[in-house]
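Structure first, commentary second.
Nothing here was measured: the structure is a model prediction, and the numbers come from that model.
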Amino acid sequence: MPEWLALYYREPLELTHGEGRHVWDAEGRRYLDFFGGILTTMTAHALPEVTKAVSEQAGRILHTSTLYLDRHMVELAERIATLSGIPDARVFFTTSGTEANDAALLLATTYRRSNQILAMRNSYHGRSFSTVGITGNAGWSPTSLSPLQTLFVQGGVRDAGPYAALSDAEFTDACVEDLEDMLAQTHGNVAALIAEPVQGVGGFTSAPDGLFAAFREVLDRHGILWISDEVQTGWGRTGEHFWGWQAHAASGPPDMLTFAKGIGNGMSIGGVVARAEVMNCLGANSISTFGGSPVTMAAGLANLNYLLEHDLQGNARRVGGLLIERLRATAARLPVVREVRGRGLMIGIELVAADGSPSPEAASLALEHAREQGLLIGKGGRHGNTLRIAPPLSLNIAEAEEGTAALEAALTQVQNTIGGTEQP
């Protein structure tokens, strides 16, 4: 395995099986899962409806490729096209979010005849050669070489940078002015803006609601496409909306959206949705050998049906609201916690040192201590100092309380380790 392959924990953890919101390691210890394999186990581990669909389809045929029709792929494409909100939508399935964003970039640059891309600072869009070129987080962009000319704009991080002290309205105006100024320095033929409504790897930061609607007014004047990267925000995870772009709904739907992770509940599914004239702009043949696999499509359909029938978006809103409230109460007495932020079951806890500077060491300690408490969480952020909380959307109140108690214990240990005192 390569040296750059990231592993959590001082002693890496082998997970052997899971059920509901829990997983077990090779030694038989049970953990409450608050990260879901990077926001991918969306409904539950070993969800019977999904495992049954996978087993039954695997017993019929495992693979065909997109050269042949597959009923599950057509049905899932129809459902996603309707749910996307994009008029006259077309859906192309891939195997990952990286590949989905690659496809969206191919479509945008072909449609607009330009290799200029607008991306957000602190963003993350994948690990391929093209997507690392539009990733605004240096910790996840290992090369400056890129086939694209990327222009990074302000707006993804609300509480840091030159506009942090402004009100939401002033912040939005300043970011729009920055965008206008940047476009004035180009030849006016930018292909697209790609943006995560909530930045995932960036530490669950987000712009004020309505920012992308304001951006859209500028983009439309220049004919620039808007790609919403919904790989982490889609399918109701934010609670308030089914898609992250809907927090900026005054602009209407994006021209394209990309998805992956949660829709497969662990099976390898990604894809891009685009209005027909954009999707159909390619002048050469293309297929996907593994995108749209009969097994993964059967899993995706079963998973989406379960999500909608059990109103997991509503559950994310209710239980996520409780979880954020409890975590903020805990954070109020711990100086190590700078901020608890998020929407629904997509919550970030930003940690700092005793002098208030970002502390990736505190985040690493918190991961270790949470594991000792039987809780698995993630981390990210511009400085690697933000804990990422993203459990399956079926999380119940008792499990939310259990996870909060484990996090409180872990953060208290971190506080005692890095110095400073708890507040009364």
Side-chain angles (χ1 to χ4, degrees), residues 1-18 21-41 45 137 139-140 200-204 323-324 326-342 345-392 395 399-422:
M1 305 291 247
E3 291 182 357
W4 43 259
L5 186 66
L7 283 170
Y8 275 170
Y9 307 113
R10 288 189 293 264
E11 294 293 330
L13 183 65
E14 179 188 2
L15 299 180
T16 59
H17 62 287
R21 276 70 57 192
H22 291 86
V23 292
W24 283 258
D25 67 16
E27 282 71 47
R29 184 174 182 191
R30 189 181 80 154
Y31 300 88
L32 180 59
D33 185 3
F34 264 31
F35 201 39
I38 319 177
L39 292 82
T40 300
T41 305
H45 289 281
N137 185 319
W140 293 92
V201 170
F204 293 171
L323 189 55
I324 291 173
R326 296 286 194 273
L327 290 172
R328 284 178 175 158
T330 294
R333 63 176 182 78
L334 296 173
V336 70
V337 180
R338 178 183 177 271
E339 181 185 29
V340 175
R341 57 176 174 258
L345 289 173
M346 193 173 187
I347 303 166
I349 305 174
E350 186 174 342
L351 304 183
V352 293
D355 63 0
S357 62
S359 180
E361 295 82 8
S364 294
L365 276 173
L367 245 67
E368 297 288 349
H369 292 321
R371 175 186 176 178
E372 293 166 5
Q373 296 291 327
L375 180 71
L376 302 185
I377 56 177
K379 65 176 180 175
R382 289 191 300 167
H383 306 285
N385 65 317
T386 301
L387 306 180
R388 298 167 68 197
I389 311 301
L395 186 78
E399 291 163 341
E401 298 280 11
E402 177 189 347
T404 301
L407 274 168
E408 181 176 8
L411 290 169
T412 299
Q413 287 180 279
V414 173
Q415 181 68 61
N416 293 335
T417 300
I418 69 166
T421 57
E422 298 179 32

| field | Taking every non-hydrogen atom, the tightest pair across Asn137 and Gly381 | value | ND2-O, 3.7 Å
| Heavy-atom distance under 4.5 Å between the side chains of Leu351 and Leu411, does that happen here? | yes
| field | Lys NZ or Arg CZ of Arg388 over Phe35 ring: under 6.0 Å, within 45° | value | no
| task | To the nearest 0.5 angstrom, please state how far the CD1 atom of Ile347 sits from the OG1 atom of Thr386. | result | 13.5 Å
| Ion pair check, Glu402 and Arg21, cut-off under 4.0 Å | no
| said: Looking at every non-hydrogen atom in both residues, tell me the closest pair between Phe204 and Gly348 and how far apart they are. | reply: CD1-N, 3.7 Å
| Do Leu407 and Ile389 pass the side chain to side chain contact (heavy atoms under 4.5 Å, CB included) test, and can you show the C-alpha distance, the side-chain angles, and the key distance before you say yes or no? | CA-CA 10 Å; Leu407 274 168; Ile389 311 301; 4.0 Å; yes
| message | Using a 3.5 Å distance criterion without hydrogens, assess whether the side chain of Thr41 forms a donor-acceptor pair with backbone atoms of Gly37. | response | no
| field | Approximate separation, where rounding is to 0.5 Å, of His17 NE2 and Arg30 CZ | value | 10.5 Å
| field | Shortest non-hydrogen separation from Ala363 to Gly384 and the atoms involved | value | CB-O, 3.5 Å
| request: Search all heavy atoms of Ala353 against all heavy atoms of Ser359 and return the closest pair with its distance. | output: N-CB, 3.5 Å
| said: Could you tell me if the side chain of Met346 sits less than 4.5 Å from the side chain of Leu39, heavy atoms only? | reply: yes
| query | Do Asp33 and His22 have side-chain atoms, one donor and one acceptor, less than 3.5 Å apart? | reply | no
| At what distance, to the nearest 0.5 angstrom, does CG of Leu32 lie from CG of Leu395? | 6.5 Å
| request: Salt-bridge test for Arg29 and Glu27: reply yes if a basic N is under 4.0 Å from a carboxylate O, no otherwise. | output: no
| query | With distance as the sole test, does Glu350 use its side chain to make a donor-acceptor pair with the main-chain N or O of Val337 at under 3.5 Å? | reply | no
| request: Write down the atom of Ser364, the atom of Lys379, and the distance for their closest heavy-atom approach. | output: OG-NZ, 2.8 Å
| field | Distance (rounded to the nearest 0.5 Å) between Ser357 OG and His383 NE2 | value | 9.5 Å
| task | For the residue pair Leu376 and Leu13, establish whether any side-chain heavy-atom pair is separated by less than 4.5 Å. | result | yes
| remark: Of all heavy-atom pairs linking Leu15 and Val23, the shortest is CD2-CG2, 3.9 Å
| said: Let me confirm one number: the CD1-NE2 distance from Ile377 to His369, rounded to the nearest 0.5 Å. | reply: 11.0 Å
| query | Taking the side chain as C-beta and beyond, is there a heavy-atom pair between Tyr8 and Arg371 under 4.5 Å? | reply | no
| Hey, does Ile418 have a side-chain heavy atom less than 4.5 Å from the side chain of Glu361? | no
| field | Glu408: which of Gln413, Arg333, Gln373 passes side-chain hydrogen bond (donor to acceptor under 3.5 Å, both in side chains) | value | Arg333
| message | Any heavy-atom pair between the side chains of Leu375 and Tyr31 that's under 4.5 Å? | response | no
| message | When you compare the side chain of Leu367 with that of Tyr9, does any pair of heavy atoms fall below 4.5 Å? | response | yes
| query | Going through the distances and angles, do Leu323 and Phe34 end up as a side chain to side chain contact (heavy atoms under 4.5 Å, CB included)? | reply | CA-CA 11 Å; Leu323 189 55; Phe34 264 31; 4.1 Å; yes
| request: Report yes if the side chains of Gln415 and Pro335 come closer than 4.5 Å at any heavy-atom pair, otherwise no. | output: yes
| To the nearest 0.5 Å, how far apart are CG in Asn416 and CG in Leu365? | 11.5 Å
| Got a sec: does the CH2 of Trp24 have more than 12 other heavy atoms crowding it under 6.0 Å? | yes
